[in-house]
Amino acid sequence: MPGLKKRRRHRGENCCMLREIKPGQRAKIRCHHAKGAVRQRLLDMGFVPETEIEVLRKAPLGDPIECYVANYTVALRNSEADLIEVECD
């Protein structure tokens, strides 16, 4: 359809979205696919490229995800975690 752009993901060999990381795993943030206020909020919370991140745990139904980033823990919705591309260790 004209005017609709497909979201491009830069997935490489060991790249995935933050939502796909299992509890206890560490990864490095590669880039964001968020726009506007959501992107700014993620950057303000410390989700900047090249930052190490660890998924601590997931809620029983999978949403939200608790992560350790920039020396504190933060919970993200799956919809937000699906906008952060990471490089797995």
Side-chain angles (χ1 to χ4, degrees):
M1 297 180 106
L4 292 178
K5 290 185 178 179
K6 190 172 182 179
R7 191 180 337 181
R8 180 190 267 171
R9 303 235 168 142
H10 308 286
R11 289 189 178 184
E13 198 170 297
N14 3 325
C15 293
C16 61
M17 304 314 283
L18 179 58
R19 182 180 183 174
E20 300 166 4
I21 301 292
K22 294 181 179 16
Q25 283 186 310
R26 292 177 178 252
K28 185 185 289 189
I29 298 173
R30 283 190 55 162
C31 64
H32 289 213
H33 297 285
K35 302 285 184 211
V38 174
R39 178 180 174 82
Q40 187 60 50
R41 188 170 64 89
L42 290 171
L43 291 170
D44 291 344
M45 289 192 300
F47 290 90
V48 295
E50 302 300 316
T51 301
E52 288 284 328
I53 187 169
E54 181 181 0
V55 175
L56 298 176
R57 57 186 170 178
K58 293 185 178 185
L61 297 177
D63 195 18
I65 300 170
E66 185 179 9
C67 302
Y68 182 77
V69 61
N71 294 325
Y72 66 97
T73 59
V74 64
L76 291 177
R77 294 182 182 123
N78 278 338
S79 60
E80 296 166 340
D82 203 32
L83 297 173
I84 301 172
E85 187 174 331
V86 297
E87 186 175 329
C88 305
D89 288 344

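All values derive from a computational prediction rather than experimental measurement.
The OG1 atom of Thr51 lies 14.0 Å from the CZ atom of Arg30; values are rounded to the nearest 0.5 Å. With rounding to the nearest 0.5 angstrom, the CD atom of Gln25 is 10.5 Å from the CG atom of Leu18. Residue Glu80 holds its CD atom at 10.5 Å from SG of Cys67, rounded to the nearest 0.5 Å. Considering CG of Leu83 and NE2 of His33, their distance stands at 8.0 Å, rounded to 0.5 Å.
Heavy atoms only, all atoms of each residue included: Ile53 and Phe47 are closest at CD1-CE2, 3.3 Å. In plain terms, the two heavy atoms of Asp63 and Ala59 that are nearest each other are O-CB, 3.5 Å. Listed here is the closest heavy atom pair of Ile21 and Cys16: CD1-SG, 3.5 Å. The minimum heavy-atom distance linking Thr73 with Leu56 is given by the pair CG2-CD1, 3.4 Å. Contact detail for Lys22 and Val55: the closest heavy-atom pair is O-CB, 3.9 Å. The two atoms that bring Val69 and Gly46 nearest to each other are CG2-O, 3.5 Å, heavy atoms only.
The closest side-chain heavy-atom distance from Leu76 to Ile84 is below 4.5 Å. When side chains are defined from C-beta on, Cys15 counts as touching Glu85, because their heavy atoms get closer than 4.5 Å.
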- Show your reasoning for whether salt bridge (Lys or Arg N to Asp or Glu O under 4.0 Å) applies to Glu66 and Arg57. CA-CA 5 Å; Glu66 185 179 9; Arg57 57 186 170 178; 2.4 Å; yes

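Judged by distance alone, the side chain of His32 and the main-chain N or O of Val38 form no donor-acceptor pair under 3.5 Å. Counting only distance, with no hydrogens or angles, the side chain of Asp82 and the backbone of Arg19 share no donor-acceptor pair below 3.5 Å.
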